[in-house]
2 protein chains.
Amino acid sequence: MQNISEEKCKLVEELGLNFEEKHNLPPLAGRIYAVMILSNVEGHSFEDIIEITCASKSSVSTNLNLLVQLKFIEYFTKTGDRKRYFRTTKNYLRITLEEYLESIEKELNLVKKVNSFNKEHNPEKFKKNKNLGLIFQEYLTTQKENLETTIQKMIMFKKELD
Amino acid sequence: MQNISEEKCKLVEELGLNFEEKHNLPPLAGRIYAVMILSNVEGHSFEDIIEITCASKSSVSTNLNLLVQLKFIEYFTKTGDRKRYFRTTKNYLRITLEEYLESIEKELNLVKKVNSFNKEHNPEKFKKNKNLGLIFQEYLTTQKENLETTIQKMIMFKKELD
DNA sequence: GTATTGGTTCGGAAACTACCGAACTAATTA
DNA sequence: TAATTAGTTCGGTAGTTTCCGAACCAATAC
């Protein structure tokens with residue numbers, strides 16, 4: 001990490017790790033994304049990212065393209081300038097929330113499947129764990145609803161977002 | 001997967017993958033855990049698991065011990081029988097929820113840090129994204145509270161659980 | 001004692017991931 | 001046309017993960 005304050009550098013590492021885990025990104029992609037989240041600049045060039053992250057051209061190329069493909073970032077150009085400039089997409093929070101929603105739905109589905117499988121095949125086990133299973137199912141349902149309303153709220157800010 | 005129905009086998013794969021992802025377990029550990037969740041039997045022996053999963057002694061040993069260490073499963077013995085028998089711990093749902101809570105707290109913390117960093121260092125960017133940042137923070141807070149009450153509910157069933 | 005049972009430990013193989021450097025392409029400039 | 005710029009593609013390497021088999025250990029059975 002070059003040319004950035006120590007405070008920022010630490011936050012980049014921390015945020016980067018978080019993105020890496022939560023979105024299953026390679027470490028470098030997580031760091032690049034963190035740099036952009038924490039930056040003043042409207043648009044980092046390819047070169048900027050190489051300098052800041054101290055990574056090779058090829059790695060930066062691969063990871064920038066990955067982030068673009070996953071819609072975490074986007075690029076724009078300036079007339080009379082061959083470079084591409086990258087910035088976070090304005091709706092990355094919505095993407096994150098939608099990812100959460102998807103994963104919650106998947107899990108809720110699984111829990112229901114397990115509950116009904118055990119109900120049918122292991123009735124005495126099901127009875128014993130019924131309350132727990134239902135509490136978990138209830139929790140997931142609440143969370144799903146919560147996510148849906150949050151996403152609705154975000155869409156209300158659409159003009160700002162898109 | 002031997003000696004289990006096709007339906008169960010499919011569910012084991014699906015559940016196993018889910019545990020693998022959500023709890024960062026090796027594939028075999030995820031499958032073993034899934035087998036136990038979906039089973040009638042009160043206590044699988046070491047041998048049982050080897051047969052069902054078609055994995056080697058050493059792998060089964062390693063992964064059973066991992067699951068025990070992480071408190072996903074526990075073992076008991078029968079008098080006059082040298083074998084160990086494994087079963088899911090009765091509070092694995094609580095463990096899962098507590099893991100969620102921890103990860104939400106971490107993320108909420110990070111979001112706050114990012115918000116205050118941007119407020120200080122990139123004020124115009126912060127202004128532009130303020131509403132989104134706050135909506136996200138609000139969402140995380142609600143979710144955290146939701147989790148806390150759910151865990152409380154679970155603790156109310158303590159007698160059944162522990 | 002010796003054999004068997006139940007399980008652990010260790011070394012290594014196979015597969016996967018993340019990154020790098022070198023060679024390359026395609027567009028622009030001189 | 002030659003050189004430069006901006007970025008991509010490819011082959012390979014280092015590190016990590018997951019699993020296996022073989023050797024091993026400790027307790028019981030013969």
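Convention: sequence-line order gives letters A, B, ...; per-chain numbering from 1.
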Let me see the working for A:Asn146 and B:Gln143 under side chain to side chain donor-acceptor pair (under 3.5 Å), right down to the final yes or no. CA-CA 8 Å; A:Asn146 184 9; B:Gln143 205 185 333; 5.6 Å; no
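Under the 30°/60° scheme for interplanar angles, the aromatic rings of B:Tyr33 and B:Tyr92 are found to stand perpendicular. Relative orientation of the B:His23 and B:Phe72 rings is perpendicular, given thresholds of 30° and 60° on the angle between their planes.
Here the P atom of nucleotide D:dC19 and the CG atom of B:Leu64 are 12 Å apart, to the nearest Å. Going from atom CD of A:Glu21 over to atom C1' of C:dT17 covers 16 Å, rounded to whole Å. Put simply, NZ on B:Lys83 is 9 Å from C1' on C:dT5, counting in whole angstrom units. What separates CD1 of B:Ile32 from P of C:dG7 is a distance of 13 Å, to the nearest Å. We find that CG of B:Asn65 is positioned 17 Å from P of C:dG6, with the value rounded to whole Å. Rounding to whole angstrom units, CD of residue A:Gln69 and C1' of D:dT8 are separated by 15 Å. Rounded to an integer number of Å, the gap from CG of A:Leu28 to P of C:dA18 is 10 Å. Rounded to whole Å, the distance from CD on B:Glu20 to C1' on C:dC16 is 13 Å.
We find that A:Glu47 and A:Lys83 are not joined by a salt bridge, their nearest charged nitrogen and carboxylate oxygen being 4.0 Å or further apart. Using a 4.0 Å cut-off between charged side-chain N and carboxylate O, B:Lys113 and A:Glu14 make a salt bridge. Taking a cutoff of 4.0 Å between a charged side-chain nitrogen and a carboxylate oxygen, A:Arg94 and A:Glu98 qualify as a salt bridge.
Annotation: cation-pi geometry not satisfied between B:Lys57 and B:Phe46 (NZ/CZ under 6.0 angstrom from ring centroid, within 45° of ring axis).
In this structure, the side chains of A:Thr141 and A:Glu138 stay at 4.5 Å or more apart for every pair of heavy atoms.
Within residues 36-63 of chain B, the residues that place at least one heavy atom under 4.0 Å from DNA chain C are, in residue-number order, B:Phe46, B:Lys57, B:Ser58, B:Ser61. Contacts with DNA chain C (heavy atom under 4.0 Å) in residues 70-82 of chain B: B:Arg82, listed by number.
Outside the 6.0 Å centre-distance limit, the rings of A:His121 and A:Phe126 are not counted as a close aromatic pair.
Dashed line: the shortest gap from a side-chain N or O of B:Arg84 to OP1 or OP2 of C:dT8 is under 4.0 Å.
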